There are 2 protein chains.
Amino acid sequence: MLWQIDQRDPQPLYEQIANVVRRAVDERTLRPGDRLPTGKDLAGSLDVNLHTVLRAYQTLRDEGLIELRRGRGAVVIASGNGAARLSGMVVELVAQADRLGISRDELIQMIDKKVQE
Amino acid sequence: MLWQIDQRDPQPLYEQIANVVRRAVDERTLRPGDRLPTGKDLAGSLDVNLHTVLRAYQTLRDEGLIELRRGRGAVVIASGNGAARLSGMVVELVAQADRLGISRDELIQMIDKKVQE
DNA sequence: ACCTATTTGTCCGTATGTATG
DNA sequence: CCATACATACGGACAAATAGG
């Protein structure tokens, strides 16, 4: 695993780390069931703090990409098809908007507000 | 604002803090546009670390419940449970689309396709 | 059943950066 | 230019869950 990050990149280190993992999953370099390096190991090889790696892992967990367990480590859950994941999110979003009586236009408006940020 | 948390509660402090805010929003004690106390202030009054409060705020932001801006503070966005959930879903959707390089227009197209079904 | 090492989880503290007003 | 307030990163300490001997 020859992952790299750039200390001078304005992008946060934990974001860079998360992106490396996301890409690996998308490219099927990492597959469901695969273990990620321990926080300590990755922190050592990237020369960053342990907490920085764990923060990256926790964001990936929140996205449903990996599973984290104390004493066990990080394991890939989701398959790498980002587009399929996006499609699922759209389905859920539309359903939720419908439940709340939010119109299509209002929904688009909400999205545009987020996009411009 | 007489918010309280319990240091002996096994539930994490940042979760307790987030829950207090969630409840206040649900009960309309906090309404869209209202400002939350600054991290420093709340940390002082709850006798916890600044980071603990900010972590709570950040999870609320990820859920779409509040907006966080440097120099400005935390402002309530969503008005209720369902709306908060929807707002959070929009945040995640836009983030995922961005990661995949999906444009705003393509995203709208995907949504329209689902809406008409 | 016990003990130990491993690994993530939380919390604190400090320092520095960046956007806002 | 300056003060405010959140954002990131580092480091340390301890807790809790897991795995292995």
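Every chain is numbered from 1 and lettered A, B, ... according to where its sequence line falls, protein lines coming before strand lines. These numbers come from a predicted model, not from an experiment.
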Have B/Arg99 and B/Gln96 got a donor and an acceptor in their side chains that come within less than 3.5 Å? yes

[N] phosphate, OP1 or OP2, under 4.0 Å from [X] side-chain N/O:
{"X": "B/Arg55", "N": "C/dT10", "value": "yes"}
{"X": "A/Arg69", "N": "D/dA17", "value": "no"}
{"X": "A/Tyr14", "N": "D/dT8", "value": "yes"}
{"X": "A/Thr52", "N": "D/dT8", "value": "no"}
{"X": "A/Gln58", "N": "C/dG9", "value": "yes"}

Closer to the 5' end of DNA chain D via nearest nucleotide, is it A/Gly71 or B/Arg61? B/Arg61

I'd like to know if A/His51 reaches the base of C/dT8 with its side chain such that a donor and an acceptor end up less than 3.5 angstrom apart. no

Would you mind telling me which of [options] lies closest to the side-chain atoms of [X]?
{"X": "A/Leu13", "options": "C/dC11, C/dT20, D/dA9", "result": "D/dA9"}
{"X": "A/Arg72", "options": "C/dC12, D/dT18, C/dG17", "result": "D/dT18"}
{"X": "A/Asn49", "options": "D/dC6, D/dA9, D/dG11", "result": "D/dG11"}

Rounding to a whole Å, what distance do you find between [X]:[atom1] and [N]:[atom2]?
{"X": "B/Leu68", "N": "D/dC6", "atom1": "CG", "atom2": "C1'", "value": "7 Å"}
{"X": "B/Gln7", "N": "D/dC14", "atom1": "CD", "atom2": "C1'", "value": "14 Å"}
{"X": "B/Ile5", "N": "C/dC12", "atom1": "CD1", "atom2": "C1'", "value": "13 Å"}

